[in-house]
Amino acid sequence: LFILEYFWYYEYSKIKSTKGGAGGNLLHGKYQFFDVNGNLLTEVNYYAGLQDGISKSWDSSGTVIELFKFNKGKLIYSKFKSNNSDNIIEWNGPALEKGSIKKIYTSYGRLEQTEEMLDGFKFKVTEYYLKGQIKKIYTTGILDMMYDEYIEYYENGKMKLYGKFEDNWKSGEWKKFNEAGILIYSEKHRINRQYTTDNKLYRNWET
């Protein structure tokens, strides 16, 4: 259940926010925040206490470091620098919501990877070569578990590897091709399962 966050204030107070309601005067319109030197650091738009429209943040050199778009309190787009690297993260749609797409760029703006959110906290990943050709397509999830189809491509666009995962185990026939698209070899995988006396899964192993 998504609960809207309201931004408000009362006389002599700082701006406050609460979810589901407000305890003072609702912010409405454009609000700007500056550093001691007069440099604009943040610009936020509100509608009746809810973030609405475009919000931006800048660093001390005037470079945009965060950009968000809201629709009456609901985040629908975001682009920002990753906390763990120099990569740029872009979300089209609310983060981690089914159907939303996450894009990962290098600090120079080259697209490295896209992730489409699926059911059950799974996401379909597409990785790219330096020149933009598709490198890999696969579905993963929590703890990097692998699911469904796994495909690798050469830079010339020909398929390199094809197979399927079932709950992180290789399943069925896996095929490898050369750069001309000719099958080099194939191998078949079978998942074995052992159950307890009360029909609970005890262990898996692959043959």
Side-chain angles (χ1 to χ4, degrees), residues 1-128 132 137-145 147-148:
L1 179 64
F2 179 76
I3 301 176
L4 294 173
E5 183 175 11
Y6 288 84
F7 292 79
W8 52 276
Y9 68 98
Y10 56 86
E11 191 174 10
Y12 307 120
S13 79
K14 294 183 178 179
I15 294 174
K16 301 177 182 294
S17 68
T18 49
K19 291 191 174 183
N25 302 307
L26 296 173
L27 296 184
H28 189 79
K30 180 185 294 184
Y31 281 72
Q32 296 178 319
F33 303 87
F34 300 83
D35 65 17
V36 293
N37 297 314
N39 298 310
L40 181 61
L41 297 180
T42 305
E43 183 176 277
V44 185
N45 290 280
Y46 295 95
Y47 180 87
L50 300 173
Q51 292 190 66
D52 188 54
I54 295 176
S55 297
K56 289 183 181 181
S57 294
W58 293 263
D59 62 19
S60 57
S61 68
T63 301
V64 175
I65 55 175
E66 294 180 336
L67 189 153
F68 301 97
K69 293 180 183 177
F70 292 86
N71 181 15
K72 300 298 190 298
K74 186 172 183 179
L75 182 64
I76 58 174
Y77 174 87
S78 58
K79 192 171 185 178
F80 53 90
K81 185 177 180 180
S82 171
N83 291 327
N84 302 319
S85 68
D86 289 330
N87 288 341
I88 305 299
I89 308 299
E90 180 182 43
W91 278 99
N92 286 282
L96 301 179
E97 185 173 291
K98 181 183 176 182
S100 295
I101 296 177
K102 177 183 178 182
K103 295 183 179 181
I104 303 174
Y105 300 87
T106 67
S107 58
Y108 300 101
R110 180 180 66 82
L111 180 61
E112 284 192 325
Q113 184 170 304
T114 62
E115 302 174 3
E116 179 185 356
M117 298 305 302
L118 308 174
D119 283 324
F121 291 102
K122 296 178 184 177
F123 46 95
K124 185 177 181 179
V125 178
T126 303
E127 296 182 12
Y128 299 90
I137 299 176
Y138 55 90
T139 299
T140 186
I142 298 173
L143 300 178
D144 296 325
M145 294 276 285
Y147 305 90
D148 306 324

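- Minimum heavy-atom separation, I89 to S82: CG1-CB, 4.0 Å.
- Residues N45 and F70 are not in side-chain contact: their nearest non-hydrogen atoms beyond the backbone lie 4.5 Å or more apart.
- With hydrogens and angles ignored, the 3.5 Å screen pairs no side-chain donor or acceptor of S17 with any backbone N or O of Y6.
- Looking at every heavy atom in both residues, F68 comes nearest to S78 through CD2-CB, 3.4 Å.
- Under a 3.5 Å cut-off, the side chain of N37 and the backbone N or O of N39 do not form any donor-acceptor pair.
- Closest of all the heavy-atom pairs between K56 and L67 is CE-CD1, 3.7 Å.
- In this model, a donor atom of one side chain and an acceptor atom of the other lie less than 3.5 Å apart for S61 and D59.
- Atom NZ of K74 is separated from atom CG of D52 by 13.5 Å, given to the nearest 0.5 angstrom.
- Atom NZ of K122 sits about 9.0 Å away from atom CE of M145, to the nearest 0.5 Å.
- Using a 4.5 Å cut-off on side-chain heavy atoms (C-beta onward), W8 and T18 make contact.
- Ring orientation note: the planes of Y46 and F7 are tilted relative to one another, at an angle of 30° to 60°.
- You'll find the side chain of I65 stays beyond 4.5 Å of the side chain of W58, heavy atoms only.
- Atom-to-atom distance recorded for E43:CD and F33:CZ is 10.5 Å, nearest 0.5 angstrom.
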For a side chain to side chain contact (heavy atoms under 4.5 Å, CB included) check, start with the C-alpha distance between M117 and W91, then their side-chain angles and the critical distance, and finish with the verdict. CA-CA 11 Å; M117 298 305 302; W91 278 99; 3.8 Å; yes

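- Residue Y105 forms a side-chain hydrogen bond (donor to acceptor under 3.5 Å, both in side chains) with just one option from E112, E90, R110, and that option is E90.
- Contact detail for L75 and K69: the closest heavy-atom pair is CD1-O, 3.4 Å.
- The backbone N or O of P94 sits less than 3.5 Å from a side-chain atom of S100, completing a donor-acceptor pair.
- Atom CZ of F34 has more than 12 neighbouring heavy atoms from other residues, nucleotides or ligands inside a 6.0 Å radius.
- Closest heavy-atom contact between Y9 and I15: CB-CA, 4.4 Å.
- For T106 against N87, the heavy-atom pair with the smallest separation is CA-OD1, 3.8 Å.
- Atoms CD and CG, from E115 and L96 in turn, are 9.5 Å apart once rounded to the nearest 0.5 Å.
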